[in-house]
Amino acid sequence: MEAPAAPRGPAEPAPGTEITVTSPEQMRELGRRLAKLLRAGDLVMLSGELGAGKTTLTRGLGEGLGVRGAVTSPTFVIARVHPSLGSGPPLVHVDAYRLSGGLDDMEDLDLDVSLPDSVIVVEWGEGKVEELTDDRLQLRIDRAVGDTADEVRHVTLTGVGTRWAEADMSVLAG
């Protein structure tokens with residue numbers, strides 16, 4: 001008989017879940033499935049090479065959350081708010097690629113004010129938004145690099161904090 005797992009502290013990562021995606025449509029579908037796990041107050045951090053599929057996944061999240069407006073890359077506006085078309089939370093989609101500093105550079109976005117009522121998705125947020133909350137979901141999207149048409153992506157989801165300690169990520173494997 002195995003001993004029960006020791007409880008993790010508030011900011012310790014949960015074991016990662018890995019999912020292989022073979023097309024942009026599958027990436028969008030992963031976003032739609034992930035949306036079913038999300039609720040107001042959730043912070044989702046996306047990382048990966050340019051063209052890995054971060055915005056495609058976020059587009060699926062927007063569809064799954066039922067928000068208004070086309071979800072496109074907010075690279076030049078830094079952040080877009082997509083209000084809910086129903087009773088769910090709005091989606092705040094942030095692209096921190098051009099921001100060099102940490103949370104100080106992002107202070108003007110008022111993410112700390114938006115977080116309790118919204119789902120916030122931050123592309124390129126490593127080292128910039130972790131201080132917003134002890135609980136976050138980190139997604140790393142890896143793809144083949146170089147001159148390739150390979151659509152295969154390896155997505156690693158890692159929950160951090162008590163919010164994600166017992167989340168059933170297996171529903172994402174669909």
Side-chain angles (χ1 to χ4, degrees), residues 5 8 11-67 70-75 78-80 82 88-99 106 111 115 118-130 132-174:
R8 287 188 294 277
E12 282 187 54
T17 298
E18 295 189 17
I19 297 170
T20 299
V21 174
T22 59
S23 69
E25 181 49 41
Q26 283 187 2
M27 187 66 79
R28 276 177 82 162
E29 179 57 29
L30 175 60
R32 288 189 287 268
R33 288 193 313 266
L34 178 57
K36 294 175 185 174
L37 293 177
L38 298 176
R39 61 184 186 216
D42 283 341
L43 172 64
V44 179
M45 294 172 49
L46 304 177
S47 62
E49 298 290 325
L50 287 170
K54 297 178 295 294
T55 301
T56 301
L57 180 117
T58 306
R59 192 169 294 126
L61 278 172
E63 292 167 5
L65 290 171
V67 298
V71 175
T72 59
S73 178
T75 299
I78 310 296
R80 284 198 173 93
H82 298 274
L91 170 66
V92 178
H93 183 198
V94 179
D95 186 329
Y97 183 73
R98 294 185 303 132
L99 301 177
M106 303 193 69
L111 295 179
L115 183 60
S118 306
V119 169
I120 297 182
V121 175
V122 182
E123 297 184 29
W124 307 97
E126 306 81 16
K128 298 173 184 167
V129 296
E130 290 90 341
L132 282 174
T133 178
D134 286 337
D135 299 301
R136 62 189 172 277
L137 183 61
Q138 299 173 174
L139 280 81
R140 168 123 195 112
I141 304 171
D142 293 303
R143 67 176 182 93
V145 292
D147 188 17
T148 178
D150 188 353
E151 295 289 343
V152 175
R153 306 292 193 261
H154 300 283
V155 182
T156 304
L157 299 94
T158 305
V160 176
T162 55
R163 157 75 174 101
W164 296 103
E166 296 183 21
D168 183 8
M169 303 278 197
S170 68
V171 300
L172 301 175

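Hydrogens, waters and symmetry mates play no part in the numbers below; they use all other heavy atoms, side chains included. We number each residue from 1, following the sequence as shown.
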Requested in this report: Quick one: closest heavy-atom pair of V119 and P89, and the distance?
Outcome: CG2-CG, 3.8 Å
Query raised in the report: Ignoring hydrogens and geometry, is there a side-chain-to-backbone donor-acceptor pair from E130 to K128 under 3.5 Å?
Result: yes
Query raised in the report: What's the shortest heavy-atom distance between V94 and A79, and which atoms?
Result: CG2-CB, 4.0 Å
Query raised in the report: In Å and rounded to the nearest 0.5 Å, what is the CE to OG1 distance from M45 to T158?
Result: 10.5 Å
**Report entry** Worked check of side-chain contact (heavy atoms from CB on, under 4.5 Å) between L34 and L139
**Finding:** CA-CA 11 Å; L34 178 57; L139 280 81; 4.2 Å; yes
Query - Counterpart residues, side-chain contact (heavy atoms from CB on, under 4.5 Å), relative to E151 (two or more places apart) - result: P24, R153
**Report entry** E126 CD to E123 CD distance, which is reported to the nearest 0.5 Å
**Finding:** 10.5 Å
Query raised in the report: Out of curiosity, L38 CG to L61 CG, how far, rounded to the nearest 0.5 Å?
Result: 6.0 Å
Report task. Supply the atom-to-atom distance W164 CH2 to L37 CG, rounded to the nearest 0.5 angstrom. Result -> 5.5 Å
Report task. For the pair R80 (side chain) and S73 (backbone), establish whether a donor and an acceptor sit closer than 3.5 Å, ignoring hydrogens and angles. Result -> yes
Report task. Can you measure from CG (D168) to OG1 (T17) and round to the nearest 0.5 angstrom? Result -> 8.5 Å
Report task. Could you go through the side-chain contact (heavy atoms from CB on, under 4.5 Å) check for V129 and I120 one step at a time? Result -> CA-CA 10 Å; V129 296; I120 297 182; over 6 Å; no
Requested in this report: Check whether the side chains of R136 and Q138 place a donor and an acceptor atom closer than 3.5 Å, and report yes or no.
Outcome: yes
**Report entry** Sidechain-backbone polar pair: D135 side chain, T162 backbone, donor-acceptor under 3.5 Å
**Finding:** yes
Requested in this report: Given side-chain contact (heavy atoms from CB on, under 4.5 Å), test M27 with R59 step by step and report yes or no.
Outcome: CA-CA 9 Å; M27 187 66 79; R59 192 169 294 126; over 6 Å; no
**Report entry** Stepwise side-chain contact (heavy atoms from CB on, under 4.5 Å) check, T55 with H93
**Finding:** CA-CA 9 Å; T55 301; H93 183 198; 4.3 Å; yes
Report task. Verify the neighbour count for atom CD of E49: are there more than 12 heavy atoms of other residues, nucleotides or ligands below 6.0 Å? Result -> no
Requested in this report: Locate the shortest heavy-atom distance separating L91 from G62; write the atom from each residue and the value.
Outcome: CD2-CA, 3.9 Å
**Report entry** M169 and L137, any side-chain heavy atoms less than 4.5 Å apart
**Finding:** yes
**Report entry** Qualifying salt bridge (charged side-chain N to carboxylate O under 4.0 Å, His left out) pairs, either residue in residues 36-48, two or more places apart
**Finding:** D42-R163
Query - Atom of T20, atom of H154 and distance for their closest heavy-atom approach - result: OG1-ND1, 3.3 Å
Requested in this report: Check W124 against G48 and note the closest heavy-atom contact, atom names and distance.
Outcome: CH2-O, 3.2 Å
Report task. Compare every heavy atom of V122 with every heavy atom of A96, then report the nearest pair and how far apart it is. Result -> CB-CG1, 4.2 Å
Query raised in the report: How many angstroms lie between CG in L43 and CG in D134, if you round to the nearest 0.5 Å?
Result: 11.0 Å
